[in-house]
Amino acid sequence: MKGNSLKEISLKHLFKKENALFITIITILILIIYVLLTISNLVIDYYYSMNRYNYLARTLIVEKGDKSEKDLDDISNIKHVVANVSNKYYNEFFAPILERDEGQLAIGAIINKKDLKIVKGRSPENLNEIVIPVKFCPYNEFDIEKDKFINGNKLIGSTFTIKSDKSVNYNLDHDDPKYLEMMDKRETVTLTIVGTYDSTANLVEADTAFATIKTIDNLKSPYHGGHGVIDSDGNSIFYNDEYVDRMIRVDSYKNLDYVKNELTKQGFDFWEAMSIDLMEFLTILLVPLVVSIILLIVTFVLIKNFINKKLNNRHTTLGLLKAIGYTNKDIKKLEFTENIIITLFCALVSFIIYFIVYLVVTKNFLAIFNYYSFTVKIPLFLITVLLIFIIIFIKVINNRVTHNILKQNVMQLIKED
Amino acid sequence: MEVESLEIKNITKKYITKSDEVMAVDNVSYKFLSGKFYAIMGHSGSGKSTLISILGTLEVPTSGSCIIGKKDISNLSDEKLSKIRNKNIGFIFQNYALDPNLKSYENVILPMYINEKIKKEDRKNKAIELLKYVNLEARIEHYPRELSGGEQQRVAIARALANDPDIILADEPTGNLDEKNEEIIFDILKKISISGRTVIVVSHNNNILKYADVVLYMQNGKLGVKNEG
Ligand SMILES: Nc1ncnc2c1ncn2[C@@H]1O[C@H](COP(=O)(O)OP(=O)(O)OP(=O)(O)O)[C@@H](O)[C@H]1O
Ligand SMILES: [Mg+2]
């Protein structure tokens, strides 16, 4: 039987009042499943991106403990270690941008040039040169709105002015006149934007610029990150653990375990700069996944009942088709075409609604994701798998129900109504 | 000129259920000729519908053979039997069995979809011709629910004629109709038989005797000839 004719007949059966409820419910269910799959996909994506692509995931902080400086320097000799610097470069330097109301810049140190993917311009080489993200948002994360994002490429060549903390002793009391004087006398530094980098590859916040280690030294107070402790004689002294520990970086995530093993072997204490707990991640993932599986089961039950009811209401028609020369195969195909068209129609309508919602939400409400250089993706793979599952399910149910009906005596089928 | 269109030889149909065995058709042999109007009468449960099913290849007999045209159709596959039903046989049922979602002409087209001999563009015209043949030219675009019982049955007759079959099988075609409509239907069936087809009609109603060329009688699965005219 020709496919065309099939569709012609099927379409006459489809969009009728008695199917409207089914279409509505299935459309809504599939829509919710799409959304849940998007959330699941987001969680998985976030976990893997954070753990694998963010350079912090392959950054280890090695504690000095009782090791000598030479021991610490020798860490560089471990295979796959590409940077071994003071831990003071771990935290970015935060500074208000003087030209911009509420503007803020975070400046990180480039300890391994390869970590940055330069998009336009060049990498910083000289003092007070910076690179900024292509999608640049020089504001605090609590201040994000979608219209605060700037095309970083357009800023290449321009400058920002900030204040250096270099001369400030953070160990002093904040109401100490000396401290206040230091704050007043802070040196103004002009930073030149020499290029842009792809922040999405690293999942770095959109306010983060990068500069050479020398530039950071020129900005950060030596007291930054330190705190006062009382020594054995009862005197207050300054202690800064940021300056004694080391930050090391491994060339790729897959070599992280190797380096960790080596460090352990050599007796170092260390911790990972960033890692998300797998169990925590699975718990977060489980919620949308389980709900979508439950909804999928509900969808399957509804589809099964729909097909069952529809076909069993059509004994006369099915019997008649048999009587006028349709083979069992033809009839199964005819009914399958009908059921698949109706379900795929639901899936399509859901997708259109989903897509519109996706565009509106990601463009307007998910600036925070953009800020963390993270994109909410449409889970095309999961959606494809979902649709394949639904199609197979319909095929199986359709053939089973049709087969059971056509097994009966045709005359009897036709007599029933 | 009498041409043999359908022959059954020693047909038996036994239904075996859990509780008992029913001999619905019991060793029946008969030759049906084209151009004749056959009436099959008999009490309820005598096996008329079962016989019609076998003649129409919808049921496989327990034993015996059935020859349509010159072909023995015993042991044919579902696919081949379907083709024979589509091209050689037209069915008419008591409840019309129209697809409620299709218009009159679309119901008539239904058997044409799977007949590769009828071109796609000719289908609708052919359906309209057939609806004219049963005097329904004014109801071409109507849905079954918009038609009277008699009109619905005429659509069903047009559908039975869709692929120009040699044999028309009707199981109580007027069972749900009043006398006036019954006459209309029998008139059309008569016209069809005169055009050279074999028309076999099961009926309880004696009115059919006026139309039938041959009256057959079934009793306990056995077939008898009451009147051969
Ligand atoms: N599928 C079946 N399974 C079991 N028994 C059946 C089946 N179909 C018919 N029978 C039995 O076969 C016998 C003949 O049935 P059939 O339907 O051919 O009678 P009929 O002459 O058409 O009767 P009616 O005038 O009431 O339509 C009956 O006793 C019936 O119960
Ligand atoms: Mg009967």
Calculate, to the nearest 0.5 Å, the distance between atoms [atom1] and [atom2] belonging to [X] and [Y] respectively.
| X | Y | atom1 | atom2 | result |
| --- | --- | --- | --- | --- |
| F93(B) | T316(A) | CZ | OG1 | 10.0 Å |
| L320(A) | L98(B) | CG | CG | 8.0 Å |
| L321(A) | S82(B) | CG | OG | 11.0 Å |
| I54(B) | M411(A) | CD1 | CE | 10.0 Å |
| L334(A) | Y113(B) | CG | OH | 10.0 Å |

Determine whether [X] and [Y] make a side-chain contact, defined as any pair of heavy atoms from C-beta on separated by less than 4.5 Å.
| X | Y | result |
| --- | --- | --- |
| R85(B) | Y326(A) | no |
| V410(A) | E59(B) | no |
| D78(B) | K322(A) | yes |
| Y15(B) | N409(A) | yes |

Less than 4.5 Å to any heavy atom of chain A: does that hold for the side chain of [X], its backbone, both, or neither?
| X | answer |
| --- | --- |
| I52(B) | both |
| E79(B) | both |
| S53(B) | both |

#### Entry: Other residues, nucleotides, ligands: >12 heavy atoms within 6.0 Å of H43(B) NE2
no
### Query
Is a side-chain donor or acceptor of N95(B) paired with a backbone partner of I414(A) at a separation under 3.5 angstrom?
yes
### Query
Do any N or O atoms from the side chain of D99(B) and from the backbone of T317(A) form a donor-acceptor pair under 3.5 angstrom?
no
### Message
Under the rule for ring pair (Phe, Tyr, Trp, His ring centres under 6.0 Å), what residues qualify as partners of F393(A), not counting sequence neighbours?
### Response
F300(A)
### Query
Can a salt bridge be assigned to the pair K415(A) and D171(B) using a cut-off of 4.0 Å between side-chain N and carboxylate O?
no
### Query
Can you list the steps and then say if T327(A) with I114(B) is a side chain to side chain contact (heavy atoms under 4.5 Å, CB included)?
CA-CA 10 Å; T327(A) 60; I114(B) 49 171; over 6 Å; no
### Query
Do M112(B) and I324(A) pass the side chain to side chain contact (heavy atoms under 4.5 Å, CB included) test, and can you show the C-alpha distance, the side-chain angles, and the key distance before you say yes or no?
CA-CA 9 Å; M112(B) 301 185 198; I324(A) 61 178; over 6 Å; no
